[in-house]
Amino acid sequence: MRYISTRGGDAGEVKTFCSALLEGLARDGGLFVPDHYPIIGEKELAEWRFLDYPDLCLEIVARYANDIEHNELKTLIDRTYTTQAFGSSEITSTRSLGAELFLLRVANGPTLAFKDIAMQLLGNLFEFVLVREDRVLNILGATSGDTGSSAEYAMRGKHRVKVFMLSPYRRMSPFQQAQMYSLAEANIFNLAIEGTFDSCQDIVKTIGNDHLFKTQYHLGAVNSINWARVLAQAVYYFKGYFAATAGNGDEIDVAVPTGNFGNILAAYIAKRMGLPLRRLILATNENDVLDEFFRTGRYRPRSVQETRATSSPSMDISKASNFERFIFDCADRDHNKVRQLWQTLAQYGGFDLTEPEYQEVWNRVAQSGFVSGSSTHADRLATIRKVYAQYGEIVDPHTADGIKVGLEYKEEGVPLICVETALPAKFAQTIKEALDIMPPRPSAYEHLESLPQHFDVLPADAEEVKLFMKRHL
Ligand SMILES: *Cc1c(COP(=O)(O)O)cnc(C)c1O
């Protein structure tokens, strides 16, 4: 399996899984994608139905990571997906809420959000490759809350790795903030940026495009543009599919609350590999740039000023980094078209696929299975109340966004899986507002907010961030 850039790369920049893993962004500013998607036949799918999580993960990841020896990969995966880290040997589970309605629970890792599924594996993959290649890695990332803590919990204390995590100062929930900033490991640096998540992400991109700095200081990324993360998330769509169906012919729909387009891209990859997912139901909050795209064909990322702080803050994103991977496929993997679109984006602040020259791209979008919707704060409250009243289940506000939009598209005869992306304990204020009760909190997290916090406040300026890093490398 080889990895190519969505923008064509420098004279055919071709990478292995491990080098794409460490580099994150391609040199030309594009994203790494596998040169093809392995197709899983009916026979394999039937066998996979009975695998436990680590073995299922091994089957999937091995097809994309053939530069890691099979037994080695198995050891890394077995070490990652443990009862200790994920609360049960199932790792992810599926709860049936009613006829044809399922909640896919993927948020039982150390930071109580789905991102742990991929990040915990990434931590072990990084350490393994760095030791093998006698290298060090300095991870520069941006987070709107959950990615950061997930990355830090995956990398804390790991050899050969340092983490510099940019987060929007005072824009995360108190729980999220405490979770990240309370880590005291010497290899973890929390940088609180005076701006939004997008300012953080822009800084990461700016520094990532400074090739000299990037090489000199061994920079890498763990944000959701990292291919290995998307891949690791594809696993639970297979597992959820098996739980929600009796046989492998049945189609199901999935509803995914979306920010950076990572989690739902994983569902799309699973579909491309042959998993019978019918509709990929994309849910946004008030920051509805992706909903607008799927409805109109116009992709118009918002400015920092236009990005609203909502009660599903991990989706407060105005442009979706992973989106380029999807568009690359819809452009029939034509680098020139992708480059042209992203040039238009840079120049005019958006692009429109309904224009005649992009008609074929838009047709492929329409055939991809994606549908979309958005929700408001009032919708989240109403959904949290409804799910609690009907099923006795407390869902977090992001999960509620997905359920709200998912139910709008629910069709009789087709099971619907809604992904639970975080536990409600992380967003207690909104739960209190909706239900007037506090969500249960795992006992290990009881005194989280009273722990000492470690962070540095910096302006939204890439040069300042570089200076900070130089001082601490
Ligand atoms: C990150 C996150 C999302 C959005 O996921 P993407 O992969 O960025 O689309 C949704 N809900 C929660 C709780 C998250 O942490």
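Atoms within a ligand are numbered from 1 in the order they appear, just like the ligands themselves. Because only heavy atoms are used, hydrogens play no part in the values below, and waters and symmetry mates are left out as well, while side chains stay in.
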E127 side chain reached by V161 side chain, heavy atoms, under 4.5 Å: no
Under 3.5 Å, is there a donor-acceptor pair linking the side chains of R325 and N322? yes
As a quick check of understanding, evaluate salt bridge (Lys or Arg N to Asp or Glu O under 4.0 Å) for R441 and E446, giving each step before the final call. CA-CA 7 Å; R441 188 186 270 204; E446 246 153 49; over 6 Å; no
Residues which pass ring pair (Phe, Tyr, Trp, His ring centres under 6.0 Å) with Y181, listed by chain and number, not counting sequence neighbours: F455
Output the list of atoms in ligand 1 that are nearer than 4.0 Å to some heavy atom of T258, sorted by atom number. 9 (O)
Polar contacts were defined as any N/O atom of the residue lying under 3.5 Å from an N/O atom of the ligand; does this apply to D396 and ligand 1? no
In terms of the angle between their ring planes, are Y299 and F293 parallel, tilted or perpendicular, with boundaries placed at 30° and 60°? perpendicular
Going by the atom numbers of ligand 1, which of them fall below 4.0 Å from some non-hydrogen atom of H398? 11 (N), 12 (C), 13 (C)
List ligand 1 atoms under 4.0 Å from A422, heavy atoms only on the residue side. 13 (C)
I want to know if ligand 1 touches F261 in the polar sense, i.e. an N/O pair below 3.5 angstrom. yes
Report yes if the side chains of D253 and I417 come closer than 4.5 Å at any heavy-atom pair, otherwise no. no
Quick check on contacts: which atoms of ligand 1 are under 4.0 angstrom from a heavy atom of G262? 6 (P), 7 (O), 9 (O)
Would you say F114 and ligand 1 have an N/O pair spaced under 3.5 Å apart? no
Could you tell me whether K426 approaches ligand 1 through its side chain, its backbone, both or neither, with non-hydrogen atoms closer than 4.0 Å? neither
Based purely on interatomic distance, does G259 place a nitrogen or oxygen under 3.5 Å from a nitrogen or oxygen of ligand 1? yes
Which residues satisfy the salt bridge (charged side-chain N to carboxylate O under 4.0 Å, His left out) test with D202, sequence neighbours excluded? K319
If you measure every N/O of K115 against every N/O of ligand 1, is any gap under 3.5 Å? yes
